[in-house]
Asks: 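I'd like to ask some things about the structure below.
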There are 2 protein chains.
Amino acid sequence: MKQDLAEIKGEIFTAMGHSNRIRILEFLKDGEKCACEIVPALEIEQSNLSRHMKILVQAGILNSWKEGQKVMYEIADKKFIKILDDISTILKNRIQNRMKVLEEL
Amino acid sequence: MKQDLAEIKGEIFTAMGHSNRIRILEFLKDGEKCACEIVPALEIEQSNLSRHMKILVQAGILNSWKEGQKVMYEIADKKFIKILDDISTILKNRIQNRMKVLEEL
DNA sequence: TGTATTTATGATTAACTATTCATATATTAA
DNA sequence: TTAATATATGAATAGTTAATCATAAATACA
C-alpha cells in the first residue's frame with residue numbers, strides 16, 4: 001500500500017467528484033449536521049447517503065462523531081470550503097468570458 | 001442534459017481524481033508542454049496519456065492547441081494551481097497534527 | 001514520395017462506483 | 001421489554017473508468 005502524494009491528492013478529488021457529495025459539502029459549509037438532517041434536505045436515499053458520507057470521511061474531508069443515536073459530520077478543514085469557493089469562481093469566470101466573446105461579435 | 005452547478009463541479013473534481021492527472025497538472029504548473037514531453041517525463045503510455053489529456057481538456061481544466069504535429073497543453077486557469085497548492089497544504093497540516101498528537105504522549 | 005514522429009481511437013478486459021432494497025445494529029423513549 | 005429512530009451494510013445490478021494493444025490519421029522531414 002505504498003502511496004505517493006499524487007495518489008492521496010487524487011483520492012481527495014475523487015471523493016469530491018460527485019454532485020451529491022458536492023451538495024453535502026455545501027450543506028455543511030456553515031456548520032455541523034447529522035445525517036438525519038441531510039437526508040431530507042438533499043433528498044438522498046438514506047443508505048445511499050450513508051455510503052457517500054463514508055467516502056467523504058475516509059478521504060479526510062469530513063470529521064464524524066456520534067451524539068446519541070445520531071452521527072454528526074463537519075468539514076475537517078476550512079480549506080475545503082475555500083476550494084469549493086474557488087471552483088465556483090472559476091465557473092463564474094468561464095461564463096463571463098463566454099459572454100465577452102458573444103459581445104464582440 | 002440539464003446540469004446544475006453541483007454536477008459541473010463534480011465533473012471537475014472527477015477529472016482531477018486520478019494520480020496521473022494530478023502529476024500531469026503539476027508538470028504543467030510552470031507553463032505549456034506538448035504531449036510528447038509529458039509521456040517520457042511521467043512515464044505514462046502514450047495512448048493512456050492521450051485519454052487522460054482528453055478528460056482534463058473536456059473538463060475545462062486544460063487548454064490545448066496544435067503546433068505542427070504536436071499538441072500543446074496549458075492549465076486553463078491559475079486557480080487550479082491554487083487548488084492543488086491548497087490540497088498540498090491540507091496534507092501537510094494533517095501530518096503536522098498527527099505529529100503533535102504523538103508528541104503529547 | 002516514402003519514412004519518421006506525434007497524437008487519437010476502436011476494441012477488449014478488468015476493476016471500480018453508484019444505487020437500491022432488505023435487513024441488521026445501536027440508541028433512545030415509552 | 002417493546003417500539004421508534006438513526007445509521008450501516010450485504011447482495012444484486014447497471015454503469016463507468018482505466019489500461020493496453022494494434023492501428024489509423026496528421027504532420028514534418030529526407
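Labels below follow one simple rule: chain letters A, B, ... track the order of the sequence lines, proteins then strands, and each chain is numbered from 1.
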Asks: Would you mind reading off the distance between Asn48(A) atom CG and dT17(C) atom P, rounded to a whole angstrom?
Replies: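 So the two atoms are 15 Å apart, to the nearest Å.
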
Asks: Consider the side chain of Ser50(B), meaning its heavy atoms from C-beta on, and name the nucleotide among dT6(C), dT9(D), dT9(C) that approaches it most closely.
Replies: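 The nucleotide sitting nearest to the side chain is dT9(C).
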
Asks: Rounded to the nearest Å, what distance is computed from the OH atom of residue Tyr73(A) to the P atom of nucleotide dA6(D)?
Replies: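 Interatomic distance, OH of Tyr73(A) to P of dA6(D): 14 Å.
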
Asks: Taking CE from Met72(A) and P from dT7(D), how many angstroms apart are they, rounded to a whole number?
Replies: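 Interatomic distance, CE of Met72(A) to P of dT7(D): 9 Å.
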
Asks: Rounded to whole angstroms, how far apart are CD1 on Ile38(B) and P on dT5(C)?
Replies: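 Rounded to the whole Å, the gap is 19 Å.
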
Asks: Want to settle it: does Cys34(B) or Lys66(A) sit nearer the 5' end of DNA chain C, counting the closest nucleotide to each?
Replies: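 Closest to the 5' end, via its nearest nucleotide, is Cys34(B).
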
Asks: Can you tell which of Ile55(A), Ile61(A), Ile24(A) makes a side-chain contact (heavy atoms from CB on, under 4.5 Å) with Met16(A)?
Replies: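 Testing Met16(A) for a side-chain contact (heavy atoms from CB on, under 4.5 Å) against Ile55(A), Ile61(A), Ile24(A) leaves exactly one candidate, Ile61(A).
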
Asks: Ignoring hydrogens and geometry beyond distance, is the side chain of Gln69(A) in donor-acceptor contact with the base of dT5(D) at under 3.5 Å?
Replies: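 Counting by modelled atom types and ignoring angles, a donor-acceptor contact under 3.5 Å is found here.
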
Asks: Would you say the base of dT7(D) and the side-chain of Arg51(A) have a donor-acceptor pair closer than 3.5 Å?
Replies: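 Looking at the base of dT7(D), it does not pair with any donor or acceptor on the side chain of Arg51(A) (distance under 3.5 Å).
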
Asks: Given dT7(D), dT7(C), dA18(C), which nucleotide is nearest the side-chain atoms of His18(A)?
Replies: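 Side chain of His18(A) sits closest to dA18(C).
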
Asks: Tell me what Ile55(B) touches on the nucleic acid: a base, only sugar-phosphate, or nothing, going by heavy atoms under 4.0 Å.
Replies: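 Here Ile55(B) touches the backbone only, sparing every base.
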
Asks: I'd like to know if Gln46(A) reaches the base of dA8(D) with its side chain such that a donor and an acceptor end up less than 3.5 angstrom apart.
Replies: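 Flag set: donor-acceptor pair detected.
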
Asks: When the distance from CE of Met53(B) to P of dT7(C) is rounded to whole Å, what number comes out?
Replies: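 After rounding, the gap between these two atoms is 10 Å.
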
Asks: Below 4.0 angstrom, N of the basic side chain to O of the carboxylate: do Arg94(A) and Asp77(B) qualify?
Replies: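 Looking at Arg94(A) and Asp77(B), the cut-off is not met.
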
Asks: Quick check for you: among dA19(D), dT6(C), dA22(D), whose closest atom lies nearest to any side-chain atom of Ser47(B)?
Replies: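 The nucleotide sitting nearest to the side chain is dA22(D).
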
Asks: Find which nucleotide of DNA chain C each of Gly68(A) and Lys70(B) is nearest to by heavy atoms, and output the residue with the more 5' nucleotide.
Replies: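 Between the two, 5'-proximity favours Lys70(B).
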
Asks: Please give, in whole Å, the distance from dA18(D) P to Lys54(B) NZ?
Replies: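 To the nearest whole Å, that distance equals 13 Å.
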
Asks: Can you check whether Ala15(A)'s main-chain N or O pairs, donor with acceptor, with Arg21(A)'s side chain at less than 3.5 Å?
Replies: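 Side chain of Arg21(A) to backbone of Ala15(A), a donor-acceptor pair under 3.5 Å: yes, one is there.
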
Asks: Hey, are the side chains of Val71(B) and Trp65(B) touching, using non-hydrogen atoms and a 4.5 Å cut-off?
Replies: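 Counting from C-beta outward, Val71(B) and Trp65(B) never come under 4.5 Å.
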
